[in-house]
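Chain letters run A, B, ... following the sequence lines, proteins first and then strands; every chain starts at 1.
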Amino acid sequence: MPYDHRAIEQKWQQQWAADGLYRSRVDWDKPKHYALTMLPYPSGELHMGHWYAVAPSDARARYMRMKGYNVLFPMGFDAFGLPAENAAIQRGIHPPTWTYANIDRMRAGFKAMGTMFDWEREAVSCDPSYYRWSQWFFKKLLEAGLAYRGEAVVNWSPTLQTVLANEQVIDGKDERTGQPVVQKTMAQWFYAMTKYAQELLNYDGLDWPDPVRLMQTNWIGRSEGADVVFTTEHGDELEVFTTRPDTLWGATFMVLAPEHPLVDSLTTDDQRAEVAAYKEATARRSEVERMEAERDKTGVFTGGYAINPVNDARIPVWIADYVLLTYGSGAIMAVPAHDQRDFEFARQFGLTIAPVIQPSGEAPLQEPEMTEAYVGPGTMVDSGPITGIETNTEKGRKNPSIAATIDWLEENSRGREAVNYRVRDWLISRQRYWGSPIPVVYQDSGDYEVVPDEDLPVVLPDDVDFQQGSGNPLNWHEGFLNTVDSEGEPARRETDTLDTFMCSSWYQLRYLSPDNEDAPFDPDEAAYWLPVDVYTGGSEHATLHLLYTRFFTKALRDMGLYDDTAEAMRRHGRDPDGLFDEPMLLYRSQGQILGEERAGDTVVVDGVRQDGRVVADRVTVNPSAGPGDGLAVGEIVRRTENVLQVAAGEEIVTVEVPDTATVEIPGIPGENDVNQLKHHLEVQRMSKSRGNVVDPNDLVEQYGADTVRTYLMFAYDWEKGGPWDSRGIVGARRFLDDVWKLATTEYAADSPDGESSASLRRLVHQTRAKVDRDMAAFKWNTAVAALMGLRNELQSIARDGSVDPDAWTEAVESLLLLLAPIAPFITEELWRARGNDGSVHVQSWPEADADLARELSVTMVVQVNGKVRDRVEVPADIAEDEAIDRAMASERVQTYLEGGEPKKVIARPPKLVNIVV
RNA sequence: GCCGGGAUGGCGGAACGGUAGACGCGACGGACUCAAAAUCCGUUGUCCGAAAGGGCGUGUGGGUUCGAAUCCCACUCCCGGUACCA
């Protein structure tokens with residue numbers, strides 16, 4: 001009976017559904033395990049990246065189930081977002097139509113993948129029954145003072161009169177029209193995430209990868225220092241945050257962000273034109289560009305002055321784009337002698353540089369000889385009350401000069417100790433249609449009111465017209481816009497929608513009771529399942545999504561939204577203390593599957609040169625063509641629609657291929673067109689626009705889902721990812737073919753012997769231990785490799801019949817059980833075909849017996865000066881003396897010793913002895 | 001720019017500071033076959049050597065150590081994030 005993956009996978013998909021094998025229900029008598037993997041955006045079909053993320057997570061959930069846990073492993077869809085609107089605009093498909101069709105395809109894909117998702121717990125974020133609660137949470141946050149209306153800049157396209165996503169802006173221009181984009185300030189909604197900045201720095205009790213914690217810690221960016229109040233000449237207060245208040249006496253100018261509110265009043269009439277021009281230029285730059293330290297410093301003098309509160313010095317106020325309004329107070333005091341960026345700025349514009357630290361034991365700093373800012377330790381000079389105090393490189397109060405300055409500032413009411421965070425409040429407004437409406441109405445007075453609970457959700461209207469204008473169609477949907485406030489007075493609805501990160505900040509709660517109409521989640525379910533025990537997802541989410549969801553959990557806790565859950569926990573004897581501080585206890589991230597590298601076609605182009613490019617009338621694919629065979633000859637390195645970039649020798653030639661041109665591709669029969677020309681692909685992220693997508697459906701059809709799962713888990717270090725290789729998959733299929741044969745062929749014990757049987761049992765129990773360890777640690781590739789190793793051994797035993805039947809059966813059934821989480825279909829079929837009762841997936845995990853796994857003899861390496869010179873078989877429990885004797889007895893070692901005594905011997909029995917001569 | 005990660009045979013990848021290259025792909029040789037595919041058996045880092053054996057070898061340059069792919073310092077290139085892609 002051959003291995004027919006199509007029949008088997010169909011059969012078990014249906015049988016499992018019919019048996020309800022993957023329903024997960026609260027059972028207080030069993031330990032729970034909430035396994036969660038990031039919900040996908042429904043972009044179309046499942047692609048290789050989804051398989052790579054989800055199949056191992058599914059294997060992990062199955063493993064935990066076999067380990068005896070009651071496992072909850074749900075799936076849903078993060079269904080609001082930009083691509084649906086793009087489809088609407090470009091192809092005229094309505095966002096919900098497009099989205100729900102994609103969800104149907106992807107759900108079917110996950111079933112074909114063999115996942116153990118409990119589909120009765122599915123949650124879809126664009127469904128009104130879901131976003132009703134997103135809106136409700138917004139209300140709660142607003143009532144708790146954690147949501148507020150503020151101002152923020154957006155990418156504004158003056159041509160389209162619309163707000164663009166960062167992704168839609170390429171090099172300061174709109175990607176579709178090529179027209180410039182400017183930064184524009186708008187009133188928008190925020191969550192006060194900075195209130196939780198300090199708590200978010202704490203990872204106690206969390207098993208999260210160090211790099212993720214580091215990135216989040218850096219993202220939050222805590223710095224200690226002081227707030228110091230300067231005054232303008234008009235008497236306006238101008239507060240700055242500084243980490244080096246001790247250098248206040250060296251502040252020779254101030255720099256404000258160009259958007260700072262005091263810029264206009266500070267600017268003198270002669271500087272007004274220049275300042276206005278600079279502000280406009282800044283509006284065209286992105287934040288990343290502004291922060292590039294390598295760039296030449298730019299800036300403009302406002303003409304205004306400020307008074308330094310420590311010495312009443314009158315210092316000029318400049319504006320420069322390297323100061324951001326979003327960090328600190330949007331203004332800095334500049335100490336060019338001791339800050340490199342300020343130093344460069346001062347040199348660029350000829351501003352005063354005044355050293356206030358003298359390095360210890362070095363020549364004193366002197367102007368104008370300084371070539372860079374001095375940031376080392378020393379003694380404070382020319383600094384009024386703190387002159388003579390030592391300074392080191394410590395931050396905050398640990399630095400004596402800073403501590404002294406803070407004390408002085410506070411005593412004299414000129415400033416105070418302060419902590420500043422780089423992290424900003426969470427901007428949740430999106431000027432988009434395809435998102436959850438923000439449940440707010442605006443009265444004629446300009447005041448706003450929240451929509452009452454009984455009117456939630458504010459439903460997103462279906463009848464919108466994307467063609468009528470550009471941007472958010474809610475802006476001119478009269479039926480949506482016009483409403484009344486609580487007094488029955490006319491009011492206008494908020495047309496901004498919620499950031500989709502908000503939907504994904506609480507979805508783990510909705511899975512607990514997706515149909516609940518009374519609350520976002522059922523406290524009785526939550527009491528059992530929360531918190532998430534294992535979370536998996538892409539490393540690209542390390543800062544944004546993972547910080548947002550941590551913030552959200554803490555906010556919910558503080559708003560008392562877990563109180564009922566805690567109560568239910570107590571009823572069941574579970575201590576709720578600390579269980580609502582963090583959403584996910586353990587997190588692991590997987591890498592990305594990149595596209596397969598591919599050479600482009602070598603083409604011969606004939607046509608005419610025109611405006612620096614070639615307009616082709618004939619393009620012929622010819623791998624052996626050389627220079628001179630046509631107007632342009634070479635590999636296609638890039639193709640965008642009908643424009644080719646051809647690498648003709650050193651030069652890249654742009655070739656336009658009009659409809660009238662002839663395209664000849666010898667490998668493809670019939671009439672050819674420009675779309676069939678292959679261009680060079682680098683190893684890079686798979687995406688439709690790059691044309692390097694590998695469709696898993698084709699592979700499932702050809703090899704089966706089990707093979708695709710096994711291959712994806714085998715071929716990469718899961719946390720790293722790597723480029724797709726279409727050839728390697730046959731190895732995974734061969735492995736499953738071999739497993740099939742081993743489990744279905746009658747074993748003939750022709751010449752059983754005790755030693756071979758014990759040796760096989762040793763390997764089986766070593767493999768059990770290895771796979772157990774690897775699966776616990778998400779090391780899928782080495783787990784599969786260990787199973788392949790067992791396969792190899794069983795194949796050789798099948799040939800010589802050297803073990804007794806019991807040892808054989810134990811080995812084969814161990815192989816099936818250990819493989820079950822990875823390849824659920826074939827193992828289920830084989831398990832039952834061998835006459836076992838019940839599903840392989842509800843069996844107990846085959847635990848290793850340490851005694852049976854213990855190795856009796858070991859190959860000991862004998863090194864001379866760290867180089868391997870001999871190997872000897874020794875008992876695994878060999879003593880150190882004995883190991884050294886055995887090593888010294890080696891003839892090979894003796895030739896290196898040349899009769900002398902070793903200088904030193906390092907013994908690490910039973911693996912190694914190193915003899916130094 | 002800034003933050004985080006990575007680099008090991010022809011390829012994907014293994015290796016508690018202790019035998020570098022497990023496992024797989026590919027390639028090569030052989031068996032089976034009229035032949036091919038599939039399958040099975042074997043070889044496969046590289047150089048010198050008939051062999052025994054030896055030299056070299058984990059992105060680059062230095063360092064620590066009896067011993068470094070692994071730890072430290074400096075660099076190069078690649079990937080992810082950079083707050084409106086999700």
Side-chain angles (χ1 to χ4, degrees), chain A residues 38-41 43 78 80-83 86 152 154-155 163-169 209-219 221 286-295 322 326 422-432 435 499-501 504 538-545 547-548 589 591-592 594 597 682-685 711 714-717 719-732 734-735 737 779 781-782 784-789 791-792 795 799 859-868 871 892 902-906 908 911-917:
Chain A
M38 288 177 188
L39 81 177
Y41 179 79
S43 51
D78 186 16
F80 278 132
L82 198 57
N86 286 338
V154 294
N155 299 307
V163 176
L164 299 175
N166 290 341
E167 185 187 56
Q168 298 172 307
V169 182
D210 285 342
V212 174
R213 291 159 51 153
L214 243 182
M215 276 189 272
Q216 293 200 349
T217 300
N218 293 336
W219 182 266
S286 72
E287 207 162 277
V288 171
E289 288 173 318
R290 288 174 61 168
M291 293 297 285
E292 282 174 6
E294 304 279 285
R295 232 181 80 229
Y322 76 91
T326 48
R422 200 192 72 104
V423 70
R424 312 203 282 254
D425 280 341
W426 177 5
L427 171 64
I428 52 151
S429 292
R430 295 293 181 269
Q431 292 72 38
R432 298 266 170 67
D499 179 9
T500 57
F501 275 123
S504 55
S539 47
E540 67 272 23
H541 293 291
T543 43
L544 293 178
H545 161 63
L547 264 180
Y548 289 142
S589 66
Q592 290 198 334
L594 306 171
E597 189 155 24
E682 306 276 338
V683 172
Q684 56 188 350
R685 219 168 144 163
Y711 178 55
F714 174 66
Y716 307 89
D717 172 353
E719 302 202 26
K720 213 167 97 192
W724 173 252
D725 175 7
S726 57
R727 288 178 309 186
I729 194 166
V730 298
R734 283 177 197 151
F735 169 56
D737 279 332
K779 300 282 182 199
N781 53 346
T782 48
V784 177
L787 293 172
M788 286 176 168
R791 174 266 319 250
N792 292 343
Q795 282 184 321
R799 278 194 294 274
T859 306
M860 184 175 81
V861 170
V862 184
Q863 295 182 332
V864 177
N865 292 336
K867 284 190 191 289
V868 181
R871 296 178 169 87
R892 310 258 348 265
K903 268 193 210 156
K904 191 174 176 183
V905 177
I906 293 115
R908 295 283 180 275
K911 301 277 279 195
L912 170 133
V913 171
N914 185 15
I915 296 159
V916 185
V917 298

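Within 4.0 Å of A/S429, counting heavy atoms only, lies at least one base atom of the nucleic acid. Across all strands shown, A/W426 has no heavy atoms under 4.0 Å from either base or sugar-phosphate atoms. Nucleic acid contact for A/G221: none, since no nucleic acid atom lies under 4.0 Å from a heavy atom of the residue. A/A542 comes within contact range of no nucleotide atom at all, as no heavy-atom separation falls under 4.0 Å. The residue A/V905 sits apart from the nucleic acid: no heavy atom pair falls under 4.0 Å.
We find that CD of A/Q592 is positioned 16 Å from P of B/rA86, with the value rounded to whole Å. A straight line from NE2 of A/H545 to P of B/rU82 spans 14 Å, rounded to a whole angstrom. Rounded to whole Å, the distance from NZ on A/K911 to C1' on B/rU19 is 8 Å. Straight-line distance from the CG atom of A/N86 to the C1' atom of B/rC85: 10 Å, rounded to whole Å. A/Y716 places its OH atom 17 Å from the P atom of B/rC79, with the value rounded to the nearest Å. Atom CZ of A/R799 is separated from atom C1' of B/rU39 by 12 Å (rounded to the nearest Å). In this structure, the CD atom of A/Q216 is 22 Å from the P atom of B/rC2, given to the nearest Å. Rounded to a whole Å, the CZ atom of A/R424 is 14 Å from the C1' atom of B/rC2.
One C1' atom belongs to B/rG53, the other to B/rG17, and the distance between them is 28 Å to the nearest Å. Between B/rA22 and B/rG13, the two C1' atoms lie 10 Å apart (nearest whole Å). When the P atom is used for both B/rU70 and B/rA86, the distance is 41 Å, rounded to whole Å. For the C1' atoms, the distance from B/rG59 to B/rC25 is 24 Å, rounded to whole Å. Taking atom C1' on both nucleotides, B/rC11 is separated from B/rA27 by 11 Å, rounded to a whole Å. On the P atoms, B/rG57 is 24 Å away from B/rC73, given to the nearest whole Å. Spacing between B/rG29 and B/rA15 at atom P, rounded to whole Å, works out to 33 Å. For B/rA69 and B/rU33, the P atoms lie 49 Å apart once the distance is rounded to whole Å.
Here the CZ-CZ distance, from A/R892 to A/R871, works out to 9.5 Å after rounding to the nearest 0.5 Å.
Of the possible donor and acceptor atoms, none in the side chain of A/D78 sits under 3.5 Å from a partner among the backbone N and O of A/L39.
For B/rG80, the O4'-C1' to base torsion is more than 90° from 0; the nucleotide is therefore anti.
A/E719 is linked by a side chain to side chain donor-acceptor pair (under 3.5 Å) to nothing, counting only residues two or more places apart in sequence or in another chain. In terms of the side chain to side chain donor-acceptor pair (under 3.5 Å) criterion, A/N865 has no residue partners (sequence neighbours excluded). Scanning for salt bridge (Lys or Arg N to Asp or Glu O under 4.0 Å) contacts around A/R432 gives an empty result, with sequence neighbours left out. With sequence neighbours left out, A/Q431 forms a side chain to side chain donor-acceptor pair (under 3.5 Å) with A/Q188, A/D496. For A/D425, there are no salt bridge (Lys or Arg N to Asp or Glu O under 4.0 Å) partners at least two apart in sequence or on another chain. Not counting sequence neighbours, the partners of A/R424 by the side chain to side chain donor-acceptor pair (under 3.5 Å) test are A/E287, A/T326. Residues passing the side chain to side chain contact (heavy atoms under 4.5 Å, CB included) test with A/A785 are A/F714, sequence neighbours excluded. The side chain to side chain contact (heavy atoms under 4.5 Å, CB included) search around A/K867 returns A/R869, not counting sequence neighbours.
Judged by closest nucleotide on RNA chain B, A/R871 is the one of A/F80 and A/R871 placed further toward the 5' end. Mapped onto RNA chain B by nearest heavy atom, A/M215 and A/Q431 fall at different nucleotides, with A/M215 at the one closer to the 5' end.
Here A/K867 reaches the OP1 or OP2 of B/rC56: one of its side-chain N or O atoms lies under 4.0 Å away. Taking only side-chain nitrogens and oxygens, A/R430 comes nearer than 4.0 Å to OP1 or OP2 of B/rC84. Note on A/N781: a side-chain N or O is less than 4.0 Å away from OP1 or OP2 of B/rA14.
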Every protein N/O within reach of nucleotides 47-53 of chain B N/O, cut-off under 3.5 Å:
unit_1, atom_1, unit_2, atom_2, d
B/rG53, O3', A/R892, NH2, 3.3

If you restrict it to nitrogen or oxygen atoms, what contacts under 3.5 Å exist between nucleotides 23-31 of chain B and the protein, and what is each distance?
unit_1, atom_1, unit_2, atom_2, d
B/rG24, OP1, A/R791, NH2, 2.9
B/rG24, OP1, A/N792, OD1, 3.4
B/rG24, OP1, A/N792, ND2, 3.1
B/rC25, OP1, A/R734, NH1, 2.5
B/rG26, OP2, A/R734, NH1, 3.3

*Which dot-bracket string fits RNA chain B when only Watson-Crick or G-U wobble pairs with both atom distances under 3.5 Å count, crossing pairs get [ ], and | stands for a partner on a different strand?*
(((((((..(((.....[....)))((((((.......))))))((((....))))..(((((..]....))))))))))))....

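With hydrogens and angles left out, the side-chain atoms of A/N166 and A/N155 include a donor and acceptor closer than 3.5 Å.
Residue A/T782 has its side chain nearest to B/rA14 when only B/rG80, B/rA14, B/rG4 are considered. When distances are taken from the side chain of A/L427 to each of B/rG80, B/rU19, B/rC84, the shortest belongs to B/rC84. Checking B/rA86, B/rG13, B/rG4 against every side-chain atom of A/L214, the shortest atom distance belongs to B/rG4. Residue A/K720 places its side chain closer to B/rA7 than to any other of B/rA7, B/rC84, B/rC85. Closest to the side chain of A/L82, from the set B/rC85, B/rA83, B/rC84, is B/rC85. Checked against B/rU19, B/rA83, B/rC56, the side chain of A/N166 finds its nearest nucleotide in B/rA83. Candidate nucleotides B/rU82, B/rG80, B/rC41 were compared by shortest atom distance to the side chain of A/L544, and B/rU82 ranks first.
Among A/I915, A/V913, A/V916, the single residue meeting the side chain to side chain contact (heavy atoms under 4.5 Å, CB included) criterion with A/I906 is A/V916.
Counting heavy atoms from C-beta on, the side chains of A/R791 and A/L787 never come closer than 4.5 Å. Annotation: side chain of A/Y41 is not in contact with side chain of A/T500 (no heavy-atom distance under 4.5 Å).
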*Summarise protein proximity over nucleotides 61-67 of chain B in one line of letters, 5' to 3': B for base, S for sugar-phosphate only, - for none, counting protein heavy atoms closer than 4.0 Å.*
-----B-

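Note on ring orientation: taking the six-membered ring where Trp is involved, the planes of A/Y548 and A/W426 are parallel (angle under 30°, cut-offs 30° and 60°). Taking the six-membered ring where the residue is Trp, A/H545 and A/F501 present parallel rings, their angle staying beneath 30° rather than reaching 60°.
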